[in-house]
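Take a look at the structure below.
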Amino acid sequence: MSEEAFMQRTVTCGSLRATDEGKSVILNGWVHRDRNHGALHFINLRDRYGLTQVVVDDDASAELQEVAASLKLEYCIAVKGIVRRRPDSMINPDMATGEIEVKAEKIEVLSQCAVLPFMIDDECNAKEDLRLKYRFLDLRSKGMTDRIVLRHKIVKAIREYFYKTDFLEIETPTLIRSTPEGARDFLVPSRIYPGKFFALPQSPQLYKQLLMVSGMDKYFQIARCYRDEDPRGDRQLEFTQLDIEMSYVTRDDVLAMMEDLFNDVFKKVLNIDLPKSFKRIAYNDALNTYGCDKPDLRFGLEMHDASSFAAKSTFNAFLEPLKGKGAVKYLVAPHKDGFDYTRKYITELEDAAKVYGAKGLAWMKVQDGKLSGGVTKYFAGLEEEVLATTGAKDGDLILLVAHDNWKKCCNSLGAVRSKLGADLKLINEDEFAFCWIIDFPLFEFNEDEGHWEAAHHMFSMPQAEYIDTLEQDPGAVKGDLYDLVLNGYELASGSIRIHDIELQKRIFRICNFPDDVAQERFGFLLDAFKFSPPPHGGIAPGIDRLCMIISKVNTIREVIAFPKNTAAMSPMDDCPAVVEPSQLNDLKLQIVQEEK
């Protein structure tokens, strides 16, 4: 059959309605369901636009009956027929085309389908690696199709916003110089220059800053980025981010622009009105209250300082941390009908806390207005103070974590908070709770290597009050940094950038990059900064993560057409893979086999 010979569609499988009754149409698609009732044959035909029921009536020709009987699931076919209304008793309100059906006059098999590795349903229950091996089939499912279409709409809305606000969409290189950015680079050997390597960009960070030096003023890009790190649910080796940079802006300008962007996108794509401005939380306050710097604000369970009553207890595990720089924190797990805080469940909460460094999880139950169980005996005579301070009521559970490291104490109880929020079903799944985290520390100390390093990256501006005293106490320095958080995920990270070359060198030195090493690694940026760079700042939301959150799935692999699996491989095309020896010879490379 030549390409010109097949019956080419005149409508899609999702477009027909009752107003189309009587029309002669041609449909192309896949056999989604096939029900043979003897002389009467029903076929649900599917394309990415939807489903249409096709009927082969009992008065159809023998040839048409024979073709219909030969059909199997996922055969690709063409159907010519007449649109007719379904009887009222047969209307399917769950289908957009449920008021009509197409009476088939001719069916043409365009291609046959091998035995399916799994059923193509709205949501496939096959194991993920099998789905990824046959991703081209998995993408036919309604769930995957809907998510890919949603991703398209989100990206389209983002582009439209920036086009109307005078941003320039500019591509930056994919083959760049290797620079340290926190994760390992993917290296690309050069055939022309043996022994030298390009790197794939972890982000366009340096290039977007150079674009500001160039006078481009307002830049954006839907950028592909690459990090050679262990994959997880909301991260993989290659990902897509919305990259943004602007000149002559302050932090408030960037935050206001992002709030306007997401208001525009959510209204256009989901018809949801977001708050005009998002809540701002200082980094230390976020840790103190929620236990992390990416809090899920869709539920409460706020954490509090327990030192006022913990210091009066006889529990040594509380008293020792309070003698130094440690902390004791608590939260109140509320009583909920049908949910029992058993010892087994408390052990599960303790295991969650231990992941982040806690040695244990202390607890006390409230029954008949009194404390019982757990560490209650260490608070003899303090029961009224504990109840008044915590506000705990009958059936509630008071949970406490102590640690000689304040951050680990917060992180540990924060993990308990997150588990409770999910297990108690406190989260409104239809809510989108944005917030800004600000006032981050600029530096953090690397205990393993014994030096300071950038908490985000080395190009972020310190807040003005710390500039004169950077070297005296790097740990106290706060940066002009900001993260956008959505439903417990870090959605975007950004900062106002350094545009002064001497300040940039000071930051490099604090981060263990002496002038000669900094010049070798970042010379092109430092050289550009000799030529009057403007004040500038930017941010980079993750497209994959945004689509994942909006789609209400728990991994970005569900919103990427052809992702890698949890082992950082592609089961479909079996990569990474070995290459021909001749290719290695061209690159002057030799594979060193690992000793067994």
For this session: Decide, yes or no, whether a salt bridge links Lys505 with Asp500 under the criterion of side-chain N to carboxylate O below 4.0 Å.
Result: no

Would you tabulate the side-chain donor-acceptor contacts of residues 538-550 under 3.5 Å, counting partners in other chains and residues two or more places apart, or write 'none'?
unit_1, atom_1, unit_2, atom_2, d
Asp544, OD1, Arg151, NH1, 2.8
Asp544, OD1, Arg151, NH2, 2.9
Asp544, OD2, Thr240, N, 2.8
Arg545, NE, Asp234, O, 3.3
Arg545, NH1, Glu490, O, 2.8
Arg545, NH2, Asp234, O, 2.9

For this session: Could you tell me whether Lys268 atom NZ has more than 12 heavy atoms of other residues or ligands within 6.0 Å of it?
Result: yes

Under 3.5 Å, sequence neighbours excluded: what are the donor-acceptor pairs made by side chains of residues 464-478?
unit_1, atom_1, unit_2, atom_2, d
Glu471, OE1, Arg506, NH2, 3.0
Glu471, OE2, Arg506, NE, 2.9

Problem set entry | Ala358 backbone acceptor or donor facing Ser412 side chain under 3.5 Å | yes

Problem set entry | side-chain contact (heavy atoms from CB on, under 4.5 Å) partners for Pro194, two or more places apart | Lys588

For this session: Under the side-chain contact (heavy atoms from CB on, under 4.5 Å) rule, collect the residues that match up with Asn405, sequence neighbours excluded.
Result: His403, Lys407, Lys408

Exercise. So, His456 versus Phe440, ring centres under 6.0 angstrom or not?
Worked result: yes

Problem set entry | Any donor-acceptor pair under 3.5 Å from Tyr283 side chain to Asp439 backbone | no

Problem set entry | Over 12 foreign heavy atoms within 6.0 Å of CG, Asp230 | no

For this session: Pick out which of Phe434, Phe266, Phe262 makes a ring-ring contact (aromatic ring centres under 6.0 Å, His included) with Phe278.
Result: Phe434

Problem set entry | Residues that Phe239 engages under ring-ring contact (aromatic ring centres under 6.0 Å, His included), provided they are two or more places apart | none

Problem set entry | Cation-pi, Phe299 ring and Arg417 (6.0 angstrom, 45 degrees) | yes

Exercise. Are the aromatic ring centres of Phe167 and Tyr161 under 6.0 angstrom apart?
Worked result: no

For residues 425-433, run the donor-acceptor check on the side chains, cut-off 3.5 Å, and write out each pair with its distance to 0.1 Å, sequence neighbours left out.
unit_1, atom_1, unit_2, atom_2, d
Asn428, OD1, Asp430, N, 3.0
Asp430, OD1, Lys552, NZ, 2.5

